[in-house]
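Below is one structure; the comments refer to it alone.
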Amino acid sequence: MKNKTSFWLVKQEPSKYSWETFLLDGETLWDGVRNYQARNNLQSMKKNDLVFFYHSVTGKEIKGVAQVIREAYPDPTTDDARWVVVDLKPISTMKNCVSLEDIKSHKDLQDTALVKQSRLSVMPITYKESQVILKLGGIRLQANLL
DNA sequence: GCCAACGTTGGC
DNA sequence: GCCAACGTTGGC
């Protein structure tokens with residue numbers, strides 16, 4: 001069932017919300033997105049989709065994999081109806097964090113939005129790219145997650 | 001509806 | 001801390 005799940009990548013500065021904090025929280029709502037393209041990606045997420053968690057600015061590496069546990073709903077941190085959040089929970093921490101350098105230098109990851117659109121904070125990842133990232137990260141997900 | 005000015009993001 | 005890239009805003 002390789003096409004059942006979509007893959008995504010979200011960025012966050014660890015000084016604002018780190019993977020470690022996310023692990024302690026157990027789950028979080030992904031708030032604060034104020035960009036239409038990123039918002040559209042949030043709205044496209046389906047329950048059980050898998051989301052790579054990237055640390056921007058400090059670290060510049062993918063720390064782990066999260067899963068969508070609640071699909072898009074209005075962002076409670078604003079009255080502006082345009083913005084939405086999803087709920088995520090961490091499911092796996094990378095054995096080897098996948099750095100931006102790794103991604104840029106890997107031939108199969110050159111076309112990721114992370115490389116091409118450095119300012120986008122929520123982006124889709126293709127199935128093929130996701131498999132490369134998982135392999136570089138040294139983790140295997142349970143088959144029932146894919 | 002164009003575009004200059006301005007603000008923000010994020011790599012370096 | 002700088003600056004390139006990009007999004008948003010507002011005057012015309």
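Numbers restart at 1 for each chain; the letters A, B, ... are given by sequence-line order, proteins then strands. Note that the structure is predicted; figures quoted are calculated from it, not measured.
A close approach under 4.0 Å does not occur between any side-chain nitrogen or oxygen of A/Tyr36 and OP1 or OP2 of C/dC6. Side-chain N/O atoms of A/Lys11 include none lying less than 4.0 angstrom from OP1 or OP2 on B/dT9.
Side chains of A/Leu114 and A/Ile125 form no contact here, defined as non-hydrogen atoms less than 4.5 Å apart.
Residue A/Arg39 contributes atom CZ, which lies 14 Å from atom P of C/dG7 at whole-angstrom precision. Atom pair A/Gln37:CD and B/dT9:P shows a separation of 15 Å (rounding to whole Å applied). With rounding to whole Å, A/Leu120 atom CG is found 11 Å from B/dT9 atom C1'. One atom, NE2 of A/His55, and another, P of B/dG11, lie 12 Å apart when rounded to the nearest Å. Spacing between atom CE of A/Met123 and atom P of B/dT9 amounts to 14 Å, rounded to whole angstrom units. When the P atom of C/dT8 is taken as reference, atom CZ of A/Arg82 falls 9 Å away, rounded to whole Å. One can place CD of A/Gln12 at 12 Å from C1' of B/dG10, the figure rounded to the nearest angstrom. Atom CD in A/Gln117 sits roughly 7 Å away from atom P in C/dG7 (whole-Å rounding).
For A/Lys104, whose side chain is taken as the heavy atoms from C-beta onward, the closest listed nucleotide among B/dG11, B/dG10, C/dG7 is B/dG11. Across C/dG7, B/dC12, B/dG10, the shortest atom-to-atom separation from the side chain of A/Asn35 is found for C/dG7.
Ring pair A/Phe53/A/Tyr17 is tilted by interplanar angle, where 30° to 60° counts as tilted.
Checking A/Val57 against A/Arg119, the closest nucleotide of DNA chain B that is more toward the 5' end is the one next to A/Arg119.
Classification of A/Glu20 and A/Lys63 as a salt-bridged pair holds, one side-chain N sitting under 4.0 Å from a carboxylate O.
Remark: the backbone N or O of A/Val122 is paired with a side-chain donor or acceptor of A/Asn41 at under 3.5 angstrom.
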